Amino acid sequence: MDGFHGRLTKDGIRIHKPEDFAGMHRAGELAARILDDVADRVQPGVTTAEIDDWITAEVERAGAISATIGYRGYQHASCISVNHVVCHGIPGQKILKDGDILNIDVTVIVDGWYGDSSRMYAAGRIGRKAERLVEVTHDALMIGIEAVRPGNTFGDIGHAIQTYVEANRMSVVRDFCGHGLGQVFHAPPNVLHYGRPGTGPVLEEGMFFTIEPMVNLGRPETKVLADDWTAVTRDKSLSAQFEHSVAVTSTGVEIFTLSPAGRFHPTWKDA
Ligand code: MF3
Ligand code: CO
Ligand code: CO
């Protein structure tokens, strides 16, 4: 025991205590609530900077702190990744147009605990292929989450995601991964979204981490633009991502970033 919220495994993964879950739920709920409410602001004609400004104000209004402002020189409260942008899109003067798909990724700090989540949004009416990509990516995340239980391994999570994505003739991005979190933003382990069953660290009750698969319609390769952040598909194919912050419990999994309004699933607007 190191006297600071539980022990570390041999892989350096923190095992949190039962009382740590409440803080993660508060942080996760705020991130999820902001992602719920921002949906009404995603429209053709809006700039990604306008969306990010609204998120900045919401984080402040909640009395929370943005984890991304000031993180390694990043200056925004969200990453907004449009169409072939895989992740870490920088909000700016780009105007959304009808048919765009975009990921909005928000990480907040509430009383020292980190809540990290992202989901996909549509500007106006999107095409069939984009719709399928978004659906498969959402389902890939949820299938990965279903593999979270004590005794399974991180390889089991990655394998479940990869198998599902590739069965749908899409590809899993290898260049970015999920991560441990808690009272820090990025901690061990790297949560890969591909892999072999039974490989990697064994899941234990009290582990907190994100699962955040990025899925491309084309090839998996990415490149980072000259701004040092924006990651895009090399073949310019569309990319999608969903992210939850989760915990391993004694019986399975708990999701910290569940949508209070039931807006996480990409088809919620059709209902
Ligand atoms: N929220 C992202 C993640 O899922 C990290 C964003 S870091 C930033 O890990 F600096 F680009 F914002
Ligand atoms: Co994350
Ligand atoms: Co994130």
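The analysis underlying the following values was restricted to heavy atoms, covering all of them including side chains, and did not include hydrogens, waters or symmetry mates. If you're wondering where the values come from, they're calculated on a predicted model, not measured in any experiment. Numbers here are sequence positions counted from 1.
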> Have His76 and Ser78 got a donor and an acceptor in their side chains that come within less than 3.5 Å?
Replying inline: no
> Do Thr230 and Asp227 have side-chain N/O donor and acceptor atoms under 3.5 Å apart?
Replying inline: yes
N/O donor-acceptor pairs under 3.5 Å from side chains in residues 54-62, not counting sequence neighbours:
from, atom 1, to, atom 2, distance (Å)
Thr56, OG1, Asp52, O, 2.9
Glu58, OE1, Arg33, NH1, 2.8
Glu58, OE1, Arg61, NH2, 3.2
Glu58, OE2, Arg61, NE, 3.0

>> side-chain contact (heavy atoms from CB on, under 4.5 Å), that's the test. Do Asn190 and Phe154 meet it? Break it down for me.
In response: CA-CA 9 Å; Asn190 288 330; Phe154 281 95; over 6 Å; no
> Is a donor on one side and an acceptor on the other found under 3.5 Å between the side chain of Thr257 and the backbone of Gly28?
Replying inline: no
> Given Lys94, which of Val85, Leu102, Thr47, Val82 fulfils the side-chain contact (heavy atoms from CB on, under 4.5 Å) condition?
Replying inline: Val82
>> Using 30° and 60° as the class boundaries, would you call the ring planes of His88 and Phe176 parallel, tilted or perpendicular?
In response: perpendicular
> Ignoring hydrogens and geometry, is there a side-chain-to-backbone donor-acceptor pair from Asp175 to Glu221 under 3.5 Å?
Replying inline: no
>> Evaluate His193 against Ile211 for side-chain contact (heavy atoms from CB on, under 4.5 Å), listing each step before the verdict.
In response: CA-CA 8 Å; His193 304 109; Ile211 307 178; 3.9 Å; yes
>> If you count heavy atoms of other groups shown closer than 6.0 angstrom to NZ of Lys236, is the number above 12?
In response: no
> Quick one: does Ser81's side chain have a donor or acceptor within less than 3.5 Å of a partner on Gly89's backbone?
Replying inline: yes
> Within the distance-only criterion (no hydrogens, no angle test), does the side chain of Asp156 pair as donor or acceptor with the backbone N or O of Thr153 below 3.5 angstrom?
Replying inline: yes
>> Between Arg149 (side chain only) and Glu146 (backbone N and O only), is there a donor and an acceptor less than 3.5 Å apart?
In response: yes
>> Is it the case that over 12 heavy atoms from other parts of the model lie below 6.0 angstrom from the CD1 atom of Ile95?
In response: no
>> Tell me whether Arg72 is salt-bridged to Asp228, with the criterion being a basic N under 4.0 Å from an acidic carboxylate O.
In response: no
> More than 12 foreign heavy atoms under 6.0 Å from CD of Glu29: is that the case here?
Replying inline: no
> When the ring centroid of Phe242 is compared with that of Phe264, is the distance short of 6.0 Å?
Replying inline: yes
> Without hydrogens or angle criteria, can the side chains of Asn216 and Ser237 be said to hold a donor-acceptor pair below 3.5 Å?
Replying inline: no
> Asn103 side chain to Gln241 main-chain N or O, any donor-acceptor pair under 3.5 Å?
Replying inline: yes
> What heavy-atom pair brings Ser171 and Pro220 nearest, and what distance separates the two atoms?
Replying inline: OG-N, 3.3 Å
> So, does His244 use its side chain to make a donor-acceptor pair with the main chain of Phe256 at under 3.5 Å?
Replying inline: no
> Of all residues at least two apart in sequence or in a different chain, which pass the side chain to side chain donor-acceptor pair (under 3.5 Å) check with Asp116?
Replying inline: Thr107, His179
> Are any of the side-chain heavy atoms of Glu135 and His265 separated by less than 4.5 Å?
Replying inline: yes
> At their closest point, which heavy atom of Leu238 faces which heavy atom of Ala130, and how far apart are they?
Replying inline: CD1-CB, 3.8 Å
> Does the Asn83 side chain pair with the main chain of Ile101, one donor and one acceptor, at a distance under 3.5 Å?
Replying inline: yes
> Which of these passes salt bridge (Lys or Arg N to Asp or Glu O under 4.0 Å) with Arg263: Asp37, Asp36, Asp40?
Replying inline: Asp40
> Are any side-chain N or O atoms of Arg174 and backbone N or O atoms of Tyr194, one a donor and one an acceptor, separated by less than 3.5 Å?
Replying inline: no
>> Closer than 3.5 angstrom, by distance alone: can the side chain of Arg41 be matched with the main-chain N or O of Val46 as a donor-acceptor pair?
In response: no
